[in-house]
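Data first, discussion second: the structure below is written as structure tokens.
Everything numeric here is computed off the predicted structure, so don't read it as measured data.
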Amino acid sequence: MKGGEEWQGDKVVAQTFQEISPADFFYRNREIVGFTNPTRAIFSAIRELVENSLDAAEAIQVPPDIYIRLSQDEESKSSRTYTLRVEDNGSGIPPQQVPLSFGQFLVSSKYKLKQARGTFGLGGTMAILYGQITTNKPVCITSSTGGSRIFKYVLMIDIEKNRPVILDRKVLRNRWKWHGTIVEFHLEGDYSKAMPRILDYLKLTAIVNPYADITFVDPKGRLYRFERKSEEVPPPPVETLPHPHGVDVETLQRIIRSTGCNNMLSFMKEHFHRVGEQTARQFLKSAGIDERMNPKSLRPDEIVDLVRAMKNFKDFLPPDASCLSPIGEELMRTGILKELEPRFTAVSQRKPSAYSGHPFIVEVAIAYGGKVPSRNDITLYRFANKIPLMYDESGDVSWKILRSINWRRYGVSPGMPVAVLVHICSTKIPYKTVGKEIIADIPEISREILNGIREVARRLRRYLTRRKHVEQQRRRLSIFSRYLPKIADFSARLGGLEEMPDINRLYKRQVIFRDYKTGNSYVEGETFNAEGYKTILVIAKNKHESNSVNLRVLGLTGSRWRVLIPEVTLEAGAEFYEMLTKRARLLKVQVKSAVRNKPGTVNVFIDGLSE
Amino acid sequence: MGRSVKKRSVSRREVVLRRLESLGRRFCEQIEKGVFPWIEMKSRSTDNIFYSPELRQYVLGDRVVRRSSRIVRHLRPFTQMVWTAYFVKELIRQRKTSTLRDVYYSAQAYDIFFKDQVESDNIITDLETVTGFPREDLNVFPEERSAVFGDLTIEYTVPGYEGRRLNLTSHPDGLMIGPALTNSRLIRTGADKVIVIEKGAMFTRFIEERVYEKFNAILIYTAGQAPRSTRYFIRRLNQEVGLPVYIFTDADPWGMHIAMVIISGSANAAHLRDLTTPDAKWAGVWASDINSYKLPSEGLSDIDIKRLHELSRDPRYKGELWQREIKTFMKIKKKCELEAFSRYGLTHIVDKYLPERLKELET
């Protein structure tokens with residue numbers, strides 16, 4: 001009996017250690033990649049496919065055009081199923097790779113050290129797998145690399161074997177040299193609950209990818225457009241060798257297995273980032289390794305020692321960030337202006353830095369007013385390698401830093417519409433979890449985030465202080481405009497004088513435009529003689545209910561007209577006031593319609609005060 | 001019988017009008033020169049109010065404040081002051097008068113706003129400080145309640161009444177002391193003293209008991225703290241006609257202070273002259289009278305005692321009589337009202353107390 005029990009035990013053990021395919025593994029553990037529930041699943045599916053599309057377009061330096069359509073399949077009683085279609089104009093996938101890249105796990109073009117949105121080609125396939133297990137319907141993939149043919153596959157995943165099963169394959173003529181990929185599949189989900197997140201996600205994606213054109217048609221037929229505001233696609237990240245500080249035992253073993261080098265000196269030079277002849281020599285000397293030793297002869301324990309020595313050696317040059325592709329201050333500003341329409345924004349790209357051999361760049365921005373929500377807390381938008389992080393905000397390093405800052409020092413009080421954007425790009429983002437939503441608190445990174453936030457916050461403070469000053473001046477001038485004429489009037493009557501004294505030398509308000517309908521090109525109003533006035537305020541209002549106008553102010557200094565207040569756009573109903581900081585003898589205000597043949601109606605005044 | 005009174009020598013009206021107009025012209029000139037209109041006036045803050053032993057009243061020190069229309073915070077009060085100056089100039093020119101409340105409402109017709117009457121009263125005080133004339137000279141009067149009765153013939157100067165004469169015994173209730181009376185010419189009187197009474201009941205009693213005949217006095221009723229026009233009128237009786245002034249109030253710190261304000265003025269009017277009658281005398285009821293006349297009394301309250309302490313430190317109360325009475329109050333801790341004499345019959349105060357006290361003070 002005893003033996004029998006043992007036999008039983010063996011059997012149990014054998015079953016437990018039964019190998020499962022990667023597809024099976026992810027099927028069983030789908031929550032770790034973001035497919036926990038129908039709400040989250042529908043969000044994750046869109047997100048994974050959009051990110052693949054963005055990568056595919058950037059790979060060939062084409063401004064991405066992405067079309068997403070989510071439509072509801074006929075309603076069944078128990079659950080709701082949707083059809084998700086995502087189209088892009090990216091590189092396309094060579095026909096022979098299509099089944100593998102969508103029907104098999106852990107197949108990816110991204111197994112190198114390079115900054116990329118996804119890493120393992122997991123997300124897209126997971127979405128399709130999730131669709132298959134909830135609806136038992138195949139996925140349809142249409143793709144072309146721009147050659148003469150378009151390939152259309154209908155396939156399913158054999159979960160146990162981790163292998164694609166091709167159900168249908170068609171080849172079409174590519175008359176228009178189209179390149180790109182269309183993925184269409186069915187999945188179960190709950191759109192009404194997922195909607196706010198999806199729209200937020202698309203908006204944030206549009207902020208960090210202002211060169212992308214994203215269209216989303218939701219199940220109710222509503223169209224959401226995130227228009228392209230820049231044609232400039234940032235250069236794609238380049239592949240790079242691993243930095244010795246970031247290498248682990250497994251990576252080192254793989255490199256040794258595949259290397260063609262037969263001595264340690266050339267091995268170090270060949271396979272590691274920023275290791276030259278001299279550095280390699282110094283390192284090997286300090287690690288006590290013979291330069292001429294063949295790397296393939298390293299014993300397992302020696303490999304472990306080598307990794308440790310590499311980590312501890314201080315004289316490796318820091319990793320080079322040229323392999324990274326940050327958004328860039330200009331593009332980030334464009335994206336923020338486009339989606340948040342703030343009254344003020346500041347962007348700061350930090351200098352490249354590195355943690356554990358992985359280079360990274362932190363980009364921080366701050367936005368105030370406009371569509372930025374007014375909340376009790378500052379709104380935080382987090383991005384990693386150009387993808388928005390939407391979940392578990394409170395566990396993130398940026399969240400922690402944001403809360404550690406005394407915002408009163410920067411003139412920010414609760415309820416003010418302030419948003420902070422933090423983007424981290426790196427060859428390896430230090431996520432806390434597999435869900436890839438939370439970034440861990442790495443000292444090197446948090447230092448850059450903190451300094452970045454401080455820098456943009458300082459600029460916001462300058463802006464707020466100045467606005468406060470301008471606001472005060474405006475109130476001050478309006479008080480003068482109310483009382484000075486009365487003082488003059490009653491003084492004259494008190495003194496028994498016939499004529500009122502001329503108060504223009506103290507305070508002058510000149511109407512530049514009154515209910516003026518703007519044209520397509522700049523038109524200037526009356527000239528304002530600014531001599532003798534210390535405080536000059538330009539006050540404008542666009543009274544039109546839908547059309548915007550542009551306005552700028554020019555001043556005559558010496559014999560030249562210079563732009564003193566560069567072009568500003570006044571939205572419908574918007575008011576504008578600004579103080580002049582530069583002196584000029586004469587002033588001119590110019591206005592025009594912001595959009596051709598859509599005239600706005602403006603009132604413009606200039607107030608001058610001799611004090 | 002009776003004596004003639006000398007005419008008031010200067011026409012204040014013309015002086016006031018010229019002063020106001022020059023103010024308006026000054027502002028206009030400043031504006032034409034590109035200067036934000038400004039004016040300087042003596043500061044009325046408490047640290048600039050001093051007691052002048054020579055003048056026997058409070059005066060303003062040398063500290064000056066500048067009100068300038070270039071300062072945002074001053075713009076509104078400055079505008080209000082210019083308007084008020086214009087408004088009172090028109091009042092004076094048209095020989096009309098107004099009350100403080102009326103000024104507050106009139107402003108709205110000119111698109112000038114006062115938050116409340118306190119604000120407009122303050123602006124009038126500013127104008128008093130700037131011009132040096134009390135508001136009564138600017139034809140602005142508070143609501144009047146005080147009255148006068150006695151053998152005094154006056155001649156009106158107000159429009160419609162010019163030259164008309166009136167003897168102040170002609171109405172048994174007494175005559176209200178208003179602008180027309182304050183600015184009238186004092187022609188003739190048969191009286192040889194002025195008796196000022198705080199309480200209305202006593203004023204009526206004195207008329208009924210023919211005190212004005214028995215004691216040859218002009219009776220004045222202050223209705224509590226004497227209004228400025230009444231103080232001004234008392235001063236004229238004292239200075240122009242040369243009549244001694246005796247003041248009767250309740251025997252408590254508040255009554256005492258009513259007498260003091262008539263004599264030495266208030267801190268609030270430190271910017272003004274000609275409102276005080278330094279030679280007037282507080283004739284009672286004194287604290288010491290409570291015991292000597294066995295008057296019914298009440299105990300002093302905490303507030304009364306606190307007030308007594310304040311008064312004891314007040315420079316106006318330096319005099320021997322004042323200090324003695326303050327000490328007596330503190331000692332006996334009692335107070336009483338003028339009406340308390342009625343305990344011994346309605347005429348007791350007139351028959352016994354008044355002659356004794358007047359005799360005592362006259363010697």
Side-chain angles (χ1 to χ4, degrees), chain A residues 465-510 528-537 539 577 579-580 583 585-586 605-611, chain B residues 14 16-39 66-94 103 106-114 123 126-127 130-131 138:
Chain A
T465 314
R466 192 180 139 64
R467 275 328 291 176
K468 219 169 160 184
H469 181 60
V470 173
E471 187 81 46
Q472 273 169 358
Q473 288 299 331
R474 188 176 86 124
R475 242 177 298 152
R476 191 165 157 242
L477 283 167
S478 87
I479 294 170
F480 278 106
S481 74
R482 199 158 76 219
Y483 288 112
L484 277 179
K486 285 182 182 168
I487 291 177
D489 180 19
F490 290 119
S491 293
R493 286 154 83 168
L494 174 62
L497 302 171
E498 295 285 303
E499 274 189 37
M500 238 174 88
D502 180 16
I503 58 161
N504 273 348
R505 287 186 59 186
L506 304 179
Y507 164 82
K508 179 165 77 174
R509 161 165 288 193
Q510 191 172 327
F528 181 92
N529 187 341
E531 273 166 295
Y533 298 106
K534 280 189 192 154
T535 308
I536 292 171
L537 197 74
I539 304 162
Y577 41 95
M579 263 171 71
L580 288 190
R583 304 239 132 248
R585 278 189 291 128
L586 299 173
F605 303 94
I606 296 183
D607 275 6
L609 188 71
S610 66
E611 284 285 334
Chain B
E14 281 306 312
V16 174
L17 269 179
R18 256 177 274 141
R19 177 82 186 92
L20 289 170
E21 278 180 10
S22 75
L23 206 59
R25 278 198 295 276
R26 170 201 163 97
F27 296 149
C28 290
E29 280 160 22
Q30 287 174 328
I31 293 171
E32 292 292 356
K33 270 188 267 168
V35 173
F36 283 80
W38 58 271
I39 190 90
R66 177 187 277 237
R67 286 284 162 81
S68 172
S69 59
R70 61 175 281 260
I71 298 166
V72 169
R73 173 163 56 80
H74 289 178
L75 264 172
R76 180 182 153 100
F78 196 94
T79 312
Q80 289 168 336
M81 195 182 73
V82 176
W83 172 80
T84 309
Y86 160 72
F87 182 74
V88 301
K89 186 202 116 179
E90 287 302 303
L91 283 179
I92 297 167
R93 218 168 53 80
Q94 298 170 26
V103 169
S106 302
Q108 299 181 9
Y110 293 88
D111 199 22
I112 297 285
F113 283 93
F114 289 108
I123 294 298
D126 276 355
L127 200 57
V130 166
T131 60
L138 306 175

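- Annotation: residues 76-85 of chain B contacts chain A through R76(B), F78(B), T79(B), V82(B), W83(B), A85(B) [non-hydrogen atoms, separation under 4.5 Å].
- Residue F87(B): no heavy atom, backbone or side chain, is found under 4.5 Å from chain A.
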Item to check | Full working for side-chain contact (heavy atoms from CB on, under 4.5 Å) between R67(B) and D126(B) | outcome: CA-CA 10 Å; R67(B) 286 284 162 81; D126(B) 276 355; 2.7 Å; yes
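- Comparing G496(A), A488(A), G495(A) by how many heavy-atom pairs each has under 4.5 Å with chain B, the most go to G495(A).
- Between R93(B) and E90(B) a salt bridge is recorded (basic side-chain N to carboxylate O distance below 4.0 Å).
- Using a 4.5 Å cut-off between heavy atoms, V35(B) contacts chain A through its backbone alone, with no side-chain atom that close.
- Of the listed residues (K33(B), E29(B), R26(B)), the greatest number of heavy-atom pairs within a distance under 4.5 Å of chain A belongs to K33(B).
- Between the side chains of Y577(A) and Q473(A), not a single donor N or O lies within less than 3.5 Å of an accepting N or O.
- Geometrically, K508(A) engages F528(A) in a cation-pi contact defined by less than 6.0 Å to the ring centre and at most 45° from the axis.
- For the pair R583(A) and Y533(A), the cation-pi criterion (under 6.0 Å, within 45° of the ring axis) is not fulfilled.
- Ranked by heavy-atom pairs under 4.5 Å with chain B, the first of E499(A), R505(A), R482(A), R476(A) is R505(A).
- Note on R474(A) versus D607(A): no salt bridge recorded, every NZ/NE/NH1/NH2 to OD/OE distance being 4.0 Å or above.
- In this structure, the side chains of F36(B) and S610(A) come closer than 4.5 Å at one or more pairs of heavy atoms.
- Contact annotation for L497(A): only side-chain heavy atoms (C-beta onward) come within less than 4.5 Å of a heavy atom of chain B.
- Side-chain atoms of R475(A) and Q472(A) form no donor-acceptor pair, as typed in the model, at a separation below 3.5 Å.
- Going from atom CG of L609(A) over to atom CD1 of I479(A) covers 11.0 Å, rounded to the nearest 0.5 Å.
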